[in-house]
There are 2 protein chains.
Amino acid sequence: MAKDVKDNSTEEKIKNAARRIFQQKGYAGTRTRDIAEEAGINLALLNYYFRSKERLFDLIMTESLEEFFRSLRSVFDDPNTDFEEKIRRMVENYIENLTANPNLPIFILSELRSHPEELIKKTGAKNVLLNSVFIQQLEEEIEAKRVKPIKPLHFMMNMLGMTVFPFIGSPMIKGMGNIDQPEFEKLMQERKTLIPVWIKVILTP
Amino acid sequence: MAKDVKDNSTEEKIKNAARRIFQQKGYAGTRTRDIAEEAGINLALLNYYFRSKERLFDLIMTESLEEFFRSLRSVFDDPNTDFEEKIRRMVENYIENLTANPNLPIFILSELRSHPEELIKKTGAKNVLLNSVFIQQLEEEIEAKRVKPIKPLHFMMNMLGMTVFPFIGSPMIKGMGNIDQPEFEKLMQERKTLIPVWIKVILTP
DNA sequence: TTTTATTTTAATCATTTGATTAAATAATTG
DNA sequence: CAATTATTTAATCAAATGATTAAAATAAAA
């Protein structure tokens, strides 16, 4: 059976439905019946293909994490872009992805809280940051006095905080600012160019 | 019956247990039996005092939100501190509270995602930001050209992002940076003084 | 076509879980 | 004290939910 046929198969329909619902409601808040309904299949099929809710969830979570880190690495470890360019690409990349997939961060971070070690190990997160070309370049820039000294973790928290937090906190931000979804998305588009500028001035010696 | 006696009463024990468990596991992930066990009481007492899991949850959530916004307002609307001082207090205040209560933001923001309008209304979040002395002061600083023009919402997302995000993402940050809880807390203490500096340079014309 | 394997369904189980009830115990009041 | 009210417990209910099973339908192979 060809791969692209299989991609529209029942198995794939269930996975897609599961991803949507798990990401929206979390593991505990999701009922297997919700997934079955969303996928338009009989409940028993879920267990026929994936054995149990927990196995299906692990699959979705592992894939989500791998996709997340893969995307991160593709920017971080690109040897053909300099430090500033990586910041721009990283921010743009994130905002683009999170606009399409706004529930992803809170999904990952909520569930990570319940099983931290296990999931972190599974993705090799330990090496994504410290061994990345990006952090090497940051340290080179600091060494060359083109960038003010800053701990890599502080730098990452700032960049991720400014980029990712608005999506995690969007309901509250919309409430506080009295804005709707289109206005929110416009702000996020603005941030694609603003955040790299803000990061640059933070790093300016 | 005196208030401080009542505070150690069964009712209060249940509320405290409920707060801990709801904040850690979320609404769907919490079983009323977990709360009863944590509180050291019979399960039926939960329903005797609070009628249902949902009512108990609403109570906890409403209190958490009110406390959150009350604390925010006490800094934002203080007429006796200038703009920069408010930033320092705000950051310090947050980091202090979140170090003691690291699950609070993800708890609030996760559940807010499921019932946004309802909960936002309940807290009057709409007026916390736009009508605050803090934002007035920001606009005055911009008017006087002491601060580079920036939309209040962008400013807030930056400040909250840099301050709150590390707590939401702590498992991932610990994983990426290969650090443990004490080291993480040390970093957060550093951020108390660092974040106000970073914000200042972002705002410098 | 017949046979075999795969996929899907309807019905049902067993456990979990929020909630209730009736009885027991403790506290309060007249 | 007696009587009333408030608090607590053990037992149980009913609904929700993850999972299974046996049979039917469909597709694939012989």
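Owing to the predicted nature of the structure, the values given are computational and were not obtained by experimental measurement. Every chain is numbered from 1 and lettered A, B, ... according to where its sequence line falls, protein lines coming before strand lines.
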Might you work through the salt bridge (Lys or Arg N to Asp or Glu O under 4.0 Å) test for Lys186(A) and Glu183(A), ending with a clear yes or no?
CA-CA 5 Å; Lys186(A) 214 186 301 170; Glu183(A) 286 184 88; 5.9 Å; no
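- Among the nucleotides dA10(D), dT7(C), dA19(D), the one closest to any side-chain atom of Lys53(A) is dA19(D).
- If you check residues 27-36 of chain B against DNA chain C, the residues with a heavy atom closer than 4.0 Å are Thr30(B), Arg31(B), Thr32(B), Arg33(B), listed by number.
- For the pair Asp58(B) and Arg55(B), the salt-bridge criterion is not met [side-chain N within less than 4.0 Å of a carboxylate O].
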Donor-acceptor contacts, no H, no angles, side chain residues 93-100 of chain A, under 3.5 Å, sequence neighbours left out:
residue  : atom : partner   : partner atom : Å
Asn93(A) : OD1  : Ser71(A)  : OG           : 3.3
Asn93(A) : OD1  : Asn97(A)  : ND2          : 2.8
Glu96(A) : OE1  : Lys192(A) : NZ           : 2.4
Asn97(A) : ND2  : Asn93(A)  : O            : 3.1
Thr99(A) : OG1  : Ile95(A)  : O            : 2.6

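- Looking at heavy-atom distances under 4.0 Å, Tyr48(A) makes contact with a base.
- Regarding contacts with the backbone of dA10(C), a side-chain N or O of Asn42(A) is found under 4.0 angstrom from either OP1 or OP2.
- Between the P atom of dT17(C) and the CD atom of Glu37(B) lies a distance of 12 Å, rounded to the nearest Å.
- In this structure, CG of Asn47(A) is placed 16 Å from P of dA22(D), rounded to the nearest angstrom.
- For Glu37(B), there are no side-chain contact (heavy atoms from CB on, under 4.5 Å) partners, not counting sequence neighbours.
- Nucleic acid contact for Phe50(A): none, since no nucleic acid atom lies under 4.0 Å from a heavy atom of the residue.
- The separation between Arg51(B) atom CZ and dT21(C) atom C1' is 13 Å, rounded to whole Å.
- A salt bridge links Arg89(A) with Asp78(A): the closest approach of a Lys/Arg side-chain nitrogen to an acidic carboxylate oxygen falls below 4.0 angstrom.
- In this structure, CG of Leu46(A) is placed 12 Å from C1' of dT17(D), rounded to the nearest angstrom.
- Note on Leu43(A): a base of the nucleic acid sits closer than 4.0 angstrom, heavy atoms only.
- Proximity of Thr10(A) to the phosphate of dT7(C): no side-chain N or O atom is located under 4.0 Å from OP1 or OP2.
- A straight line from CD of Glu11(A) to P of dT8(C) spans 10 Å, rounded to a whole angstrom.
- When all heavy atoms are compared, the tightest approach of Gln23(B) to Phe107(B) is CA-CD1, 3.5 Å.
- Per the geometry, CD1 belonging to Ile41(B) stands 19 Å off P belonging to dA6(D), to the nearest Å.
- Both tests hold for Lys174(B) against Phe184(B): distance to the six-membered ring centre under 6.0 Å, angle to the ring axis within 45°.
- One can place CG of Leu45(B) at 13 Å from C1' of dT20(C), the figure rounded to the nearest angstrom.
- Computed from coordinates, the Glu54(A) CD to dT15(C) P distance equals 18 Å when rounded to whole Å.
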